[in-house]
Amino acid sequence: MGGSTEHIVMLPLMAHGHLIPLLALAREIHQRKGFTITIASTPLNIKYLRSTICKDSSSTTDRQSAIHLAELPFCCSGLPPNSDNTENLHVDQIGTLLRSTISLETPFHRLLLDIIERDGKPPMCVISDFFMGWAVDVAKAVGTSSVTFTPLGAYGTLAYWSSWLNVPHGIIDSEEFHLPGFPDTCRFPVSILTPNLRMADGNDSWSRIIQPQILSAFQSSGYLCHTVEELEHLALEWLRKYTNLPVWPVGPLLPQTVLNNSSSSGSFISKQRTGKESGISLERCLEWLDSHRPASVLYISFGSQNAISQSQMMNLATGLESSKTPFIWVIRPPRGFDLIGEFKAEWLPEKFEDRMRESKQGLLVKNWAPQLEILMHKSTGAFLSHCGWNSVLESLSQGVPIIGWPLEAEQIFNCKMLMEEMGVCVELTRGAQSTIEGGKVEKVIQMVMDKEGKGGEMKRKAVETGKKIRTAKRQEGEEKGSSIKALDDFVAAIIAMRKEQCVGAMRNE
Ligand code: UDP
């Protein structure tokens, strides 16, 4: 396999918000440390990964960065064919996908045994997503150490894990509750819980899927967390204390060109990063942005797997139009409809798309957009986002403030932290069931896009936060940013574990 004699095997969850940062981490570990990396996943995800890293699409190796891909056979009853990624699944189907990841245990074990046979020793470490806690035991069984990856921030990770481990929160008679792991003074309103968490009693189907995975992940040797020490210092302390394990904040897991803001035209960063085909050519998208004033455009996206309801879509469109703010909106069929089906004009106000095209107020992009290039562009002034953590870091790294519309998972917690701790966000509404009037949409957008007042303040704070985020990944001579040091510490820790394993093995001989 060439490269370093040490080998790391990675196992991402089959969702773009998990695959994208893990691939970025793989590239970084390989580039900085020279280790050989194998990423194991199911066929559809290997297809995406392959197209991000190979010029030659028939190859399973990234020629430039020596990242190997290993396909694990996957068969999941209850899901349509070729749907081994959350991108086109409804919420309940995502539960089915999560449950069925356990069927990967045997092929993953076999893969590790094959690597041991080929390399003559176990891989130095397995890095697995926290939704695949079962991989910790598989790693132990073949005599290697394991580290858990969380693509969420520290606050979001703690909130998500503690919520699922402590259901039903003792909230029956109360409006507020306390989450173990957070300081006693920290109280959360019941409305912060997503519907599936509010209904959970520990014996429900979601708890039975998620709890064992989080608990198994607690048995790993530490966590690689997609955040920045300076951004979430306190939350990182709480997470370390709650799990009693090291947590290495190695974010933001973004290409260096994005952190330097040194690339806009020419290279298609998003395609190399996600393997997804965009609903618009990069050239057309940049040309459209070029035709607008600096910081005047609102970018709208609900991430790789979420959608809002049909009535919300209608009211968002109405509010956008009356706000007169230029926008790029990544549209997907509304919640409850076939997500891979044709987008129907009737989901939007009559002739909306035509009016937006003719007036140049809005650009509608079907399904997938080159998000990083949009956020990097000087015309982009704010991001209406579901507050998925990758989107948050991508936006803030470019000094772009956020209008929050959190939908699932830990997104409402992220939104709360962004508003209350960082002052870079304002919440428009939450969930896919809320009623949102066009008038409110218009008012909030105008407030955030305003260069004065609250909008101006949010922008200043987002720019300051962006500096902190980028500094964490800077290296000048011996001087290293906090996330680069955290990656060094992680590598030192796994090298120490490797030595212990060798000593242990010699003793047993
Ligand atoms: N993304 C993108 N184009 C899109 C939608 C999403 O490039 O049209 C990328 C985005 O840049 C981010 C990831 O997909 O890296 C979504 O992750 P996030 O954590 O924001 O949300 P999730 O999809 O996990 O809910």
Side-chain angles (χ1 to χ4, degrees), residues 12-25 45 48-49 51-52 85-91 94 97-98 129-131 149-153 155-157 160 194 225-227 251-255 258-259 268-282 285 299-308 327-333 335 339 343 363-377 380 383-398 400 402 404-415 418 425 430-432 469:
L13 179 71
M14 301 96 91
H16 291 290
H18 294 240
L19 280 174
I20 294 169
L22 199 80
L23 171 63
L25 178 66
N45 300 288
Y48 283 129
L49 287 167
S51 66
T52 68
N85 183 298
T86 57
E87 61 187 345
N88 298 320
L89 299 180
H90 296 291
V91 180
I94 290 181
L97 182 78
L98 290 179
D129 194 283
F130 75 81
F131 275 111
F149 174 65
T150 168
L152 317 183
Y155 189 96
T157 299
Y160 193 69
T194 49
C225 183
H226 189 196
T227 192
L253 294 164
L254 288 171
V258 174
L259 298 175
F268 202 162
I269 304 167
S270 289
K271 176 84 203 308
Q272 286 166 3
R273 209 173 60 104
T274 69
K276 289 274 289 179
E277 285 302 333
S278 175
I280 188 171
S281 79
L282 178 63
C285 190
Y299 171 57
I300 306 162
S301 164
F302 297 99
S304 64
Q305 63 186 43
N306 278 292
I308 54 176
F327 65 87
I328 297 181
W329 182 2
V330 191
I331 45 170
R332 311 184 78 202
R335 195 169 281 219
L339 291 169
F343 190 92
L363 185 64
L364 296 175
V365 178
K366 305 261 156 74
N367 202 37
W368 195 263
Q371 177 157 312
L372 278 182
E373 285 88 342
I374 293 171
L375 290 169
M376 286 166 73
H377 197 283
T380 303
F383 184 4
L384 196 172
S385 166
H386 70 314
C387 299
W389 190 248
N390 292 289
S391 292
V392 166
L393 283 185
E394 288 161 18
S395 193
L396 295 179
S397 75
Q398 304 305 309
V400 174
I402 296 169
W405 185 335
L407 292 165
E408 294 292 344
E410 91 300 1
Q411 293 153 13
I412 308 182
F413 287 93
N414 294 342
C415 189
L418 296 171
C425 176
R430 60 173 66 158
I469 292 177

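One-based numbering, in listed order, for ligands and for the atoms of each. What you are looking at is a predicted structure, and each value in this text was computed from that prediction instead of being measured.
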Would you name the heavy atoms of [X] and [Y] that are closest together and state the gap between them?
{"X": "Val330", "Y": "Ala369", "result": "CG2-CB, 3.6 Å"}
{"X": "Pro255", "Y": "Ile269", "result": "CG-CG2, 3.6 Å"}
{"X": "Tyr155", "Y": "Phe413", "result": "CE2-O, 3.5 Å"}
{"X": "Gly17", "Y": "Asn390", "result": "O-ND2, 2.7 Å"}

How close does the nearest protein non-hydrogen atom get to [atom], and which residue and atom is it?
{"atom": "atom 20 (O) of ligand 1", "answer": "Ser391 OG, 2.5 Å"}
{"atom": "atom 19 (O) of ligand 1", "answer": "Asn390 ND2, 2.8 Å"}
{"atom": "atom 13 (C) of ligand 1", "answer": "Ile20 CD1, 3.8 Å"}

Given [options], which has its nearest heavy atom closest to [atom]?
{"atom": "atom 15 (O) of ligand 1", "options": "Lys276, Gln371, Glu394", "value": "Glu394"}
{"atom": "atom 5 (C) of ligand 1", "options": "Trp368, Tyr299, Phe302", "value": "Trp368"}
{"atom": "atom 22 (P) of ligand 1", "options": "His386, Arg273, His16", "value": "His386"}
{"atom": "atom 3 (N) of ligand 1", "options": "Ala369, Ser301, Ser304", "value": "Ala369"}

- Item | Pair Ser385, Ser391: side-chain N/O donor-acceptor within cut-off below 3.5 Å |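 Not at all, the side chains of Ser385 and Ser391 share no donor-acceptor pair under 3.5 Å.
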
- Task: Below 4.0 angstrom from a heavy atom of Gly17, which ligand 1 atoms are there? Numbered from 1 as shown, please.
- Result: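 Those of ligand 1 that fall under 4.0 Å from Gly17 are 17 (O), 24 (O).
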
- Message: So if I count the atoms of ligand 1 from 1 in the order they appear, which ones are less than 4.0 Å from some heavy atom of Trp389?
- Response: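 Matching atoms, with element in brackets: 19 (O).
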
- Task: Could you label the plane-to-plane angle of the Phe131 and Tyr160 rings as parallel, tilted or perpendicular, counting under 30° as parallel and over 60° as perpendicular?
- Result: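 Geometry flag for Tyr160 against Phe131: perpendicular rings.
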
- Ring geometry between His16 and Tyr48 (parallel below 30°, tilted from 30 to 60°, perpendicular above 60°):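 Geometry flag for His16 against Tyr48: perpendicular rings.
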
- Message: I'd like to know whether ligand 1 has Val330 as a neighbour, heavy-atom separation below 4.0 Å.
- Response: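 For ligand 1, residue contact (heavy atoms, under 4.0 Å) with Val330 is present.
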
